[in-house]
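Right, one structure below, let's go through it.
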Amino acid sequence: MVNRERNTRLLETLKLPENSVCADCGLPEPDWASCKVGVFICLQCSGVHRNFTESGKVKSIRLDNWEDERLVQFMIGNGNLKAKKKYEAFVPPFYYRPHARDCDVLKEQWIRAKYQREEFMSNKATIHTTAHREGFLYKRGRDSKGFQERKFVLSRSEGVLKYYTKDNGKGPKGIIPIQSLNVTFQGEKIRHQHGLEITYMKDSQTRNIFVYHDSGEEIVAWYNALRAARFHYLKTTYPQASEAELIPKITRNYSKVGYMEKTGPKQKEAFKKRWFNLDSGGRKLLYYKNPLDAFETGGIFIGSKERGYTVKEGLPQGMKGNNWDCGIIIGTPAREFVLTCENVKEQREWLDVLRDVLSQPMTKEDIMAPYSLMWG
């Protein structure tokens, strides 16, 4: 009876707005507790907390018995808001705060950075605030399937990320401008849970570089170092813009990736299977022969309804796909693109994200972009 009463009090605490989502990933309705830190968390994040040898005690609010009244009082007296003020007091504005749908390594290292390494409890200089970073990452060759260790050097002052085939060798093998750089975790595509996809503009195309590191802490540190460099570039380029305006522009995750089939501009060509990445922030749907190609085969600029762009379900009358028949027609001022999805679920997901882009008003930068994204 006493235990049931304690569980009831904890459940009432969960109803408070600050405790209604996981303290670490924002998933609604958390029902686990980190008893050392005093936060309410979801099941997945509780697994990370459990692995902390020094503070790993977690309990289910609904399933476990809460015999210790002092522990109940501790949880009620702390909670997510108080912990946030303590453990997230000095999170740099560029540092990526993961969401429930983000990859495991981002969430794990965010949790460890907060509570285990206590990186954000003071405003002292850290690895996240340094202007220079160098180290080794495994990089996939442009024309080969293998990954080789390469030295990477990030210079915020120069505004570039360089990489070398040997330790400084005869100079950098590649120079990546921070101005057009984007970085996103793509573990499933790269087939390594710590895989990063780095993209930048080269000769009017999107150059893709795939890297990973065996250490989760190291790869997330690189990810946030690149975000820091991007944030510095944006602040310098747009000095009047607020942090709130700049943060969404630092890096962008793909809204959706996956295979579709497409026909050519005459709509009489055979449908070919291609890998697609939708970059909603850049309004670009790029496609590739293979997911790990260095450059796209082509791309479609997704404008707005007001400028004559459309997204429709189905196929033109009398047309059939090669293997798939769940069609999508993307209309642009120049032409129509006809695509097919493997099943209705995939079709619905693609339609939803494409229509979401379509509903967003275009910026001045968007209006200048479409010229380079019209090949078939």
Side-chain angles (χ1 to χ4, degrees), residues 25-26 92-110 113 128 133 137-140 142 147 150 152 154 160-161 163 174 176-202 205-234 246-259 274-288 290-296 299 302 349-350 353-354 356-357 369 373:
C25 74
F94 58 79
Y95 194 97
Y96 188 79
R97 299 169 182 253
H99 307 288
R101 295 182 63 181
D102 282 315
C103 61
D104 291 346
V105 67
L106 269 175
K107 289 184 284 189
E108 177 182 352
Q109 291 305 317
W110 167 239
H128 306 302
R133 182 178 181 83
L137 299 170
Y138 288 97
K139 175 188 173 292
R140 188 178 192 272
R142 171 178 168 175
F147 283 80
R150 297 289 181 254
F152 281 76
L154 173 63
V160 295
L161 173 67
Y163 63 91
I176 302 170
I178 298 300
Q179 176 182 358
S180 63
L181 178 146
N182 189 48
V183 58
T184 179
F185 275 90
Q186 291 292 314
E188 185 174 352
K189 182 195 293 188
I190 297 172
R191 297 184 179 179
H192 193 288
Q193 61 181 337
H194 302 158
L196 282 181
E197 180 176 345
I198 300 171
T199 64
Y200 64 100
M201 296 306 297
K202 184 176 182 180
Q205 282 192 274
T206 302
R207 173 72 165 99
N208 305 310
I209 290 178
F210 303 98
V211 300
Y212 74 84
H213 196 284
D214 288 327
S215 165
E217 181 178 351
E218 182 71 9
I219 199 67
V220 172
W222 269 105
Y223 175 70
N224 281 300
L226 292 172
R227 283 179 57 86
R230 279 282 302 159
F231 186 60
H232 174 76
Y233 162 76
L234 290 169
L246 297 180
I247 288 172
K249 300 179 181 295
I250 297 176
T251 58
R252 303 186 299 270
N253 295 328
Y254 295 132
S255 299
K256 185 169 172 61
V257 300
Y259 284 107
R274 296 290 183 255
W275 178 270
F276 286 79
N277 294 338
L278 176 60
D279 174 5
S280 293
R283 311 188 79 106
K284 295 185 294 185
L285 180 64
L286 302 182
Y287 52 91
Y288 305 81
N290 299 293
L292 298 181
D293 284 349
F295 292 96
E296 74 270 30
I302 311 295
E349 290 178 1
W350 278 110
V353 292
L354 288 167
D356 182 65
V357 178
L373 287 173

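What you are looking at is a predicted structure, and each value in this text was computed from that prediction instead of being measured. Below, all heavy atoms of this structure are taken into account, side chains as well, without hydrogens, waters or symmetry copies.
The minimum heavy-atom distance linking Tyr212 with Gly195 is given by the pair CB-CA, 4.0 Å. Across Leu161 and Ile178, no two heavy atoms sit closer than the pair N-CD1, 4.3 Å. Contact detail for Val105 and His194: the closest heavy-atom pair is CG2-CD2, 3.6 Å. In plain terms, the two heavy atoms of Ala225 and Leu154 that are nearest each other are O-CD2, 3.5 Å. When every heavy atom of Ala294 is checked against every heavy atom of Arg207, the shortest pair comes out as CB-NH1, 3.2 Å. Lys284 and Thr206 get closest at one heavy-atom pair: NZ-OG1, 3.9 Å.
Counting only heavy atoms from C-beta outward, the side chains of Lys139 and Phe210 never approach each other to under 4.5 Å. Here the side chains of Trp222 and Arg133 are in contact, with some heavy-atom distance below 4.5 Å. Between Trp350 and Leu285, the closest side-chain pair of non-hydrogen atoms falls below 4.5 Å. Counting heavy atoms from C-beta on, the side chains of Ser255 and Asp279 never come closer than 4.5 Å. At least one side-chain heavy atom of Leu226 sits less than 4.5 Å from a side-chain heavy atom of Leu181.
Among residues two or more places apart in sequence or in another chain, the ring-ring contact (aromatic ring centres under 6.0 Å, His included) test is passed with Phe185 by Tyr223. The salt bridge (charged side-chain N to carboxylate O under 4.0 Å, His left out) test applied to Lys202 returns no partner, not counting sequence neighbours. Remark: Glu349 pairs with Lys256, Lys345 by the salt bridge (charged side-chain N to carboxylate O under 4.0 Å, His left out) rule, at least two apart or across chains. Scored by the ring-ring contact (aromatic ring centres under 6.0 Å, His included) test, Trp110 finds Tyr95, Phe120 as partners (sequence neighbours excluded). Partners of Arg191 by salt bridge (charged side-chain N to carboxylate O under 4.0 Å, His left out), not counting sequence neighbours: none found.
One distance of note links CD1 of Ile219 with CG of Leu137; it measures 5.0 Å at 0.5 Å rounding. One finds the NE2 atom of His232 at 13.0 Å from the CD1 atom of Ile250 (value rounded to the nearest 0.5 Å). Here Glu188 contributes atom CD and Cys103 contributes atom SG; the two are 11.5 Å apart, rounded to the nearest 0.5 Å. To the nearest 0.5 Å, atoms CG (Leu354) and CD1 (Ile302) are separated by 5.5 Å. Within the model, atoms OG1 of Thr184 and CG of Asn277 stand 9.0 Å from one another, a figure rounded to the nearest 0.5 Å. The NE2 atom of His213 sits 9.5 Å away from atom NE2 of His192, with the distance rounded to the nearest 0.5 Å.
A donor-acceptor contact under 3.5 angstrom links the side chains of Glu197 and Tyr254, judged on distance only. The closest side-chain donor-acceptor pair between Asn208 and Thr199, if any, does not fall under 3.5 angstrom.
Judged purely by atom type and a 3.5 angstrom limit, Ser180 has no side-chain atom pairing as donor or acceptor with the backbone of Tyr200. With hydrogens and angles ignored, the 3.5 Å screen pairs a side-chain donor or acceptor of Asn182 with a backbone N or O of Arg252. A distance-only check finds a donor-acceptor pair linking the side chain of Ser215 to the backbone of Glu218 [under 3.5 Å].
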TODO: Check step by step if side chain to side chain donor-acceptor pair (under 3.5 Å) holds for Tyr287 and Asp293.
DONE: CA-CA 10 Å; Tyr287 52 91; Asp293 284 349; over 6 Å; no
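Within the structure, salt bridge (charged side-chain N to carboxylate O under 4.0 Å, His left out) pairs that include any residue of residues 95-107 comprise Glu88-Arg97 (at least two apart or interchain).
Figure legend: cation-pi geometry between Arg150 and Tyr138 absent, as NZ or CZ is not positioned both under 6.0 Å from the six-membered ring centre and within 45° of its axis.
None of Val211, Ile190, Ile209, Leu292 except one satisfies the side-chain contact (heavy atoms from CB on, under 4.5 Å) rule with Arg140; the exception is Leu292.
Two rings, from Tyr259 and Trp275, have their centers less than 6.0 Å apart.
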